[in-house]
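Here is the structure we will look at.
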Number of protein chains: 2
Amino acid sequence: MKRRNTPTKEAVLSVITKAGQAMSQDAIEEKVAIDINRATIYRVLNRFCDDGVLHKVLAEDGKQYFALCDGCDETHQEHQHFHFKCTVCETLECLPNAVNYSIPAGYQVENVNCVLTGVCKKCS
Amino acid sequence: MKRRNTPTKEAVLSVITKAGQAMSQDAIEEKVAIDINRATIYRVLNRFCDDGVLHKVLAEDGKQYFALCDGCDETHQEHQHFHFKCTVCETLECLPNAVNYSIPAGYQVENVNCVLTGVCKKCS
DNA sequence: AATTTATTGCAACAACATTGCAATATTATA
DNA sequence: TATAATATTGCAATGTTGTTGCAATAAATT
């Protein structure tokens, strides 16, 4: 399953990069220059996640947000940072703080999803 | 809006209590003794959340899980503990660990949703 | 027993995300 | 450059989760 370069992929990644924050499918569809099908956007985003380009965060509004990975490949501590979801401007941003946790022996953690919801600096 | 005692409420709460872990609507509907409408279960659960009896956790499978509150009223640090969602047995449990985070000044946190996903002790 | 109104069931709806399939476009190969 | 292989896309349909309007029911109060 070798990846191919397409205008769609470039356009989607460009929008997220320019936004400088995590985006949901509908926000991407709204901002993107060319017309891309909804299902295709999801497929592109999920492929980026598989490739370690993006990571997926599930916010309390029940939507998936996709954020650029920053050094996610090097260590497997990858997306284990907090995220902040603003209920006013609806944006989700990655916080620099790493998530520290400890779990009882015998538990295998495969993924971490930590979202703080509230009002961000700009909106308060 | 004074609450009333109904068989439905008792049955739902009983199932969650006996399970000893957080449950989703469909799991409750499956386990509950009497026949309760799907919408009603959601309304009962949300009412319990409003009353501080349960708290709601959004897992990575996109579903809401409802867990018993343990001393949630006393402090507002209430549901700020980690949760563990097992991908094998599909259960979600509250971990004793509190979530420690720090955010930049100017941010107002209203809710915390932290879920670790993986394989629990029993299933591994 | 009668009144008030919280609760419930039903059906419809809404939002988000995924999937099958045929058509298209990219990449590799000849 | 032409051709073949197959990754990608659009479209429509489907699935899942959760909510809402409304009439009927039932709990609590008088």
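Computed over heavy atoms, backbone and side chain alike; hydrogens, waters and symmetry mates excluded. Residue numbering restarts at 1 for every chain, and letters A, B, ... go by the order of the sequence lines.
- Applying the side chain to side chain contact (heavy atoms under 4.5 Å, CB included) criterion to B:Ala27, with sequence neighbours excluded, gives B:Met23, B:Ser24.
- Taken together through direct or relayed side-chain contacts under 4.5 Å among Ile, Leu, Val, Met, Phe, Trp and Tyr, B:Tyr65 and B:Leu95 form parts of separate hydrophobic clusters.
- Residues forming a ring-ring contact (aromatic ring centres under 6.0 Å, His included) with A:Phe84 (at least two apart in sequence, or on another chain): B:Tyr107.
- For B:Arg3, the salt bridge (Lys or Arg N to Asp or Glu O under 4.0 Å) criterion is met by B:Asp51, not counting sequence neighbours.
- OP1 or OP2 of D:dG18 lies within a sub-4.0 Å distance of a side-chain N or O belonging to B:Tyr42.
- Rounded to whole Å, the distance from CD1 on A:Ile36 to C1' on C:dA17 is 17 Å.
- Applying the salt bridge (charged side-chain N to carboxylate O under 4.0 Å, His left out) test to pairs two or more places apart or on separate chains, none has a residue in residues 100-124 of chain B.
- For A:Lys63, the salt bridge (Lys or Arg N to Asp or Glu O under 4.0 Å) partners are A:Asp26, not counting sequence neighbours.
- In this view, B:Asn37 satisfies the side chain to side chain donor-acceptor pair (under 3.5 Å) rule with no residue, not counting sequence neighbours.
- By the side chain to side chain contact (heavy atoms under 4.5 Å, CB included) test, B:Ser102 pairs with A:Asn97, sequence neighbours left out.
- Of the two residues near DNA chain C, B:Thr40 and A:Lys63, the one whose nearest nucleotide lies more 5' is B:Thr40.
- Each of D:dG21, D:dT9, C:dT18 was ranked by its minimum atom distance to the side chain of A:Lys56; first place goes to C:dT18.
- Position along DNA chain D of the nearest nucleotide to B:Leu58 versus A:Arg43 favours A:Arg43 as the more 5'-ward residue.
- For the 3.5 Å distance criterion, the side chains of B:Lys85 and A:Asn113 fail to qualify, holding no donor opposite an acceptor.
- In this structure, B:Ser124 contributes its side chain and B:Cys120 its backbone to a donor-acceptor pair below 3.5 Å.
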Look for any protein N or O under 3.5 Å of an N or O in nucleotides 24-30 of chain C and output each such pair with its distance, or none.
from   : atom 1 : to     : atom 2 : distance (Å)
C:dT26 : O2     : A:Arg4 : NE     : 3.4
C:dT26 : O2     : A:Arg4 : NH1    : 2.7
C:dT26 : O2     : A:Arg4 : NH2    : 3.3
C:dT27 : OP1    : A:Asn5 : N      : 2.9

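- Contacts between residues 11-35 of chain A and DNA chain D, defined by a heavy-atom separation below 4.0 Å, involve A:Asp35, listed by number.
- The bend of the helix from C:dA1-D:dT30 to C:dA30-D:dT1, defined by the angle between the axes of its first five and last five pairs, stands at 30° to the nearest 10°.
- Atoms CD1 (A:Ile41) and P (C:dA17) sit 12 Å apart, rounded to a whole Å.
- Apart from B:Leu58 itself, the hydrophobic cluster it occupies contains A:Leu58, where clustering links Ile, Leu, Val, Met, Phe, Trp and Tyr at side-chain heavy-atom distances under 4.5 Å.
- A:Asn46 comes within contact range of the sugar-phosphate backbone alone, with a heavy-atom separation under 4.0 Å but no base atom that close.
- To the nearest angstrom, P of D:dG15 lies 19 Å from CG of B:Asp61.
- Applying the salt bridge (charged side-chain N to carboxylate O under 4.0 Å, His left out) test to every pair with at least one member in residues 28-47 of chain A, sequence neighbours left out, gives no pairs at all.
- One interatomic measurement links the two molecules: CD of B:Glu10 to P of C:dT7, which rounds to 13 Å at whole-angstrom precision.
- If you take CG of A:Asn37 and P of C:dA22, they are 17 Å apart, rounded to a whole angstrom.
- Candidate nucleotides D:dT17, C:dA17, C:dT8 were compared by shortest atom distance to the side chain of A:Arg38, and C:dA17 ranks first.
- At whole-Å resolution of the value, CD in B:Glu60 and C1' in C:dC16 are 17 Å apart.
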